[in-house]
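Taking it in order: structure first as structure tokens, then the write-up.
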Amino acid sequence: MRYSRFFLPTVKEIPADAEVISHQLMLRAGMIRRLASGLYTHLPLGLRSLRKVESIIREEMDAAGALELLMPMVQPAELWQESGRWEKYGRELLRFTDRHDRPFCLGPTHEEVITDLVRREVRSYRDLPLVFYQIQTKFRDEIRPRFGLMRAREFLMKDAYSFDVDDEGLDRTYRAMYDAYCRIFERCGLDYRPVEADTGTIGGHASHEFMVLAETGEDSIACCTACSYASNVELAQVVSSPPPLVSPESREEARKVSTPGKRSIEEVSGFLGIPPDRIVKTLVFATDKGPVAALVRGDHEINEIKLGRFLGVEEIRLASDEEVRLAAKVSPGFVGPVGLSGVRIVADPAVLSMDGFTAGAGEEDYHIVGLVWGRDLPVPETADIRNITVHDPCPRCGGRIEIRRGIEVGHVFKLGTAYSEALGARFLDENGTEKPIIMGCYGIGVGRTLAAAIEQNHDANGIVFPRPIAPFDVIVCPLKTEDPAYIHAADDLLHALTRAGFQVLLDDRDLRPGVKFKDADLIGVPVRVTLGKLLADGIVEIRERRSGEVVMCPMVEVLERVSSLLVR
RNA sequence: CGGGACGUGGCUCAGUCUGGUAGAGCACAGCGUUCGGGACGCUGGGGUCGGAGGUUCGAAUCCUCUCGUCCCGACCA
């Protein structure tokens, strides 16, 4: 490809609207352009990389026995009504009607469509197992699209769905997909971790998220430093807290203290000179089973998902100020476990080992210090309802936990029979018994994977693409374009390298060397071949983008040198 | 949806407080000099100042409404 015949609008300045580095670089390198919030055009350069990620995914899915198909993006409402998600999915589902006023939506995912297909076509256990996948545009009307391709509204996704006769079959398929995902992300040059994930409201049996480790990630992951345990913080179990303290020697009387206007743990801690881990944080939640007060230590974070699951409620959210006043008869900030009647109280185990603690008094502008469980107030029921911290042990091996940020690029999920039962996708087993098909689903954000790869592979000058997803393998830069000798030599290189199977960009623009170098670095092509002053002696320069290492090389050896750089 | 900020040539922004002829740098076109890490000089083209309404002799600037964008939060199989 000749640069002059290509379309590559690079930008020197950092776009003002781009927050994260991958977004900035994709804009600067001329890979993407924004059309509207969360909507991006993939320019030729970006598309080349995107297609490479796609190809890697396709190869590994095919190798794992999955079959590619392509489903419509527009889906009829009735399918979603059948699965119950027309009501449940919320406003992320973009709904509209056609000219006949029939309701449709843009597909954010395809469980309904694929299950509909399978229920029509599959009758017998002989037809199973099956894994279908597609690489297709999805639309989710995100509340807040951000970070370019990282969280777009319209985005390219590989989604796969598996159909098995029993749980053992699902386990095998799940494992095969899991392994394929590992190969895919390795080939994309990513530093990633498969982590245990929340199974969400679908209530499946198992789920893993594939997280690319990056500071800009939107998720927190708890990783063990000793074993291979890694889990989404949302899910990570907090196994042990120190046992409840029994009868310490000196116990002061609990007493009420004035704390005017001090609502947050931080304010109360600072005002009373009591560390946060001696204060109990009381948060009121509104649920479909009424208000619930949750107690955690002041330095801990409550985990709504865990709380909701423990309570067995469908809906849970932090209560509004109004709801708090109604339930606790005091405004938020002064709610405490004392004298809280008619409200279910759930405490984190760590709270029970606190002795002589401070909490809201249940009275405007007052807290109580020196509280003792069993003496001043009854011992509440306990459950693991908080987020894991670096001070907690690994739930698997007891090792030290660290919290890291991650970008979720893939998700594998054992669905079970939720959709096959709702939509009636059944088969007859070898005994002639009718059973629901056991399903799994498996997603990869293609654009997000590309963005994550850039997030992990860049330097001050731009992108440093791993070869498998680089838009070109080699960029050839003749520094004098008015000199026929340079042009001919560059052309020869272009053809020789192309014939050898490399994808080559020839920078034939009549520009100063500095400009060409900057652009070459920015777009991240792994190898640059420069034709400069020594060309007359048959010598060119070969430079590796990642290391910056430069070797001078006779023309005849270029192919060999370039190959060795790209293959390793 | 709550809080905050911002919309001025293609891009990054100044000008807005204190109303008075729309600016700079980059980019773009032409000419010349340059030519191994985003060169320099001269010349030139390009903007209904997001939109609508209002105040005023006069609005990018003040007021009201509206649309859009970004950030924080809430939300998120």
Side-chain angles (χ1 to χ4, degrees), chain A residues 9-20 23-24 27-28 30 33-39 80 83-85 88-93 107-112 115 138 140-148 151 153 157 159 161 197-204 207 209 218-219 232 234 285-286 304-305 308 315-321 408 411-416 418-419 422 439-443 460-462 477-483 486 507 509-523 528-535 539-541 543 545 548 550 552:
Chain A
T10 58
V11 178
K12 231 188 291 187
E13 276 153 302
I14 298 170
D17 288 348
E19 192 75 0
V20 297
H23 188 196
Q24 293 172 0
L27 289 168
R28 289 189 52 208
R33 286 293 182 263
R34 196 187 72 94
L35 173 67
S37 179
L39 305 178
W80 286 72
S83 72
R85 290 209 291 185
K88 277 191 195 156
Y89 209 92
R91 304 226 296 155
E92 218 172 283
L93 184 66
T109 176
H110 282 70
E111 281 85 2
E112 280 81 359
T115 307
K138 295 278 185 281
R140 296 182 185 177
D141 201 354
E142 295 279 349
I143 296 172
R144 186 141 86 88
R146 59 184 141 176
F147 303 157
R151 182 174 286 270
R153 292 196 293 174
M157 181 173 176
D159 49 325
Y161 306 90
D198 181 35
T199 48
T201 55
I202 293 291
S207 175
E209 285 168 345
E218 294 185 273
D219 293 283
N232 196 310
E234 289 177 355
F285 288 86
E304 272 186 41
I305 297 169
E315 265 188 62
I316 182 162
R317 60 177 169 80
L318 209 51
S320 67
D321 290 8
E408 180 191 346
H411 199 165
V412 293
F413 205 120
K414 290 186 186 175
L415 286 174
Y419 291 95
M439 291 176 58
C441 72
Y442 317 88
N461 292 316
C477 291
L479 296 187
K480 286 192 170 63
T481 47
E482 76 284 5
D483 184 338
Y486 281 73
D507 191 349
R509 296 174 301 170
D510 181 20
L511 289 173
R512 298 167 62 84
V515 179
K516 295 186 174 196
F517 294 156
K518 287 290 184 189
D519 275 338
D521 283 355
L522 179 61
I523 64 177
R528 188 183 79 201
V529 179
T530 309
L531 315 192
K533 290 193 185 90
L534 295 176
L535 182 66
I539 305 287
V540 300
E541 172 194 296
R543 180 175 182 273
R545 174 68 180 90
V550 169
M552 304 311 285

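What's counted below: heavy atoms across the whole structure, side chains too, no hydrogens, waters or symmetry copies. In what follows, every chain begins at residue 1, and chains take the letters A, B, ... in the order their sequences are listed.
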Rounded to the Å, how far apart are [X] [atom1] and [N] [atom2]?
X	N	atom1	atom2	value
A/Leu531	B/rG37	CG	P	16 Å
A/Arg528	B/rG37	CZ	P	10 Å
A/Arg140	B/rC75	CZ	P	18 Å
A/Glu304	B/rA74	CD	P	9 Å
A/Glu482	B/rU33	CD	P	13 Å
A/Glu13	B/rG25	CD	C1'	8 Å
A/Lys516	B/rA39	NZ	P	13 Å
A/Arg151	B/rG73	CZ	C1'	14 Å

Mate of [N] where both pairing distances stay under 3.5 Å, Watson-Crick or G-U:
N	answer
B/rU48	none
B/rG73	B/rC1
B/rG23	B/rC13
B/rG58	none

Listed partners of A/Arg512 passing side-chain hydrogen bond (donor to acceptor under 3.5 Å, both in side chains), at least two apart: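 Result, side-chain hydrogen bond (donor to acceptor under 3.5 Å, both in side chains) vs A/Arg512: none returned.
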Partner set under side-chain hydrogen bond (donor to acceptor under 3.5 Å, both in side chains) for A/Glu304, not counting sequence neighbours: none
Selected nucleotide, minimal atom distance to A/Glu92 side chain, candidates B/rG37, B/rC76, B/rA77: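 It is B/rC76.
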Candidate nucleotides B/rG37, B/rC71, B/rA39, ranked by approach to the side chain of A/Lys518 - the nearest: B/rG37
Which part of the nucleic acid does [X] contact within heavy-atom distance under 4.0 Å: base, sugar-phosphate only, or nothing?
X	answer
A/Thr109	base
A/Glu142	nothing
A/Leu522	base
A/Met157	base
A/Arg543	base

Results of side-chain contact (heavy atoms from CB on, under 4.5 Å) for [X] - residues two or more places apart only:
X	result
A/Arg317	A/Ala286, A/Glu323
A/Arg151	A/Glu142, A/Arg146, A/Glu218, A/Arg448
A/Arg528	A/Ile475, A/Cys477, A/Phe517, A/Ala520, A/Asp521, A/Thr530, A/Glu541, A/Arg543
A/Lys480	A/Glu482, A/Asp483, A/Tyr486

Sequence-distant partners of A/His23, ring pair (Phe, Tyr, Trp, His ring centres under 6.0 Å), two or more places apart: A/Tyr40
Any A/Lys12 side-chain nitrogen or oxygen under 4.0 Å from OP1 or OP2 of B/rA27: yes
Give me, pair by pair, the N or O atoms of the protein and of nucleotides 1-7 of chain B that are less than 3.5 Å apart, along with how far apart they are.
none

Of A/His411 and A/Leu479, the one whose closest RNA chain B nucleotide lies more 5':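 Whichever sits nearer the 5' end wins; that is A/Leu479.
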Along RNA chain B (nearest heavy atom to each residue), the more 5'-positioned of A/Arg317 and A/Asp521: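 Closest to the 5' end, via its nearest nucleotide, is A/Asp521.
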Which atoms of nucleotides 28-31 of chain B (N or O only) lie under 3.5 Å from a protein N or O atom, and what are those distances?
none

Neighbour count >12 (heavy atoms, 6.0 Å) for atom CG, A/Leu534: yes
A/Arg28 and A/Glu13 ion-paired at < 4.0 Å: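 No salt bridge links A/Arg28 with A/Glu13.
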Minimum side-chain heavy-atom gap A/Tyr442-A/Lys414 below 4.5 Å: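 Contact flag for A/Tyr442/A/Lys414 side chains = no.
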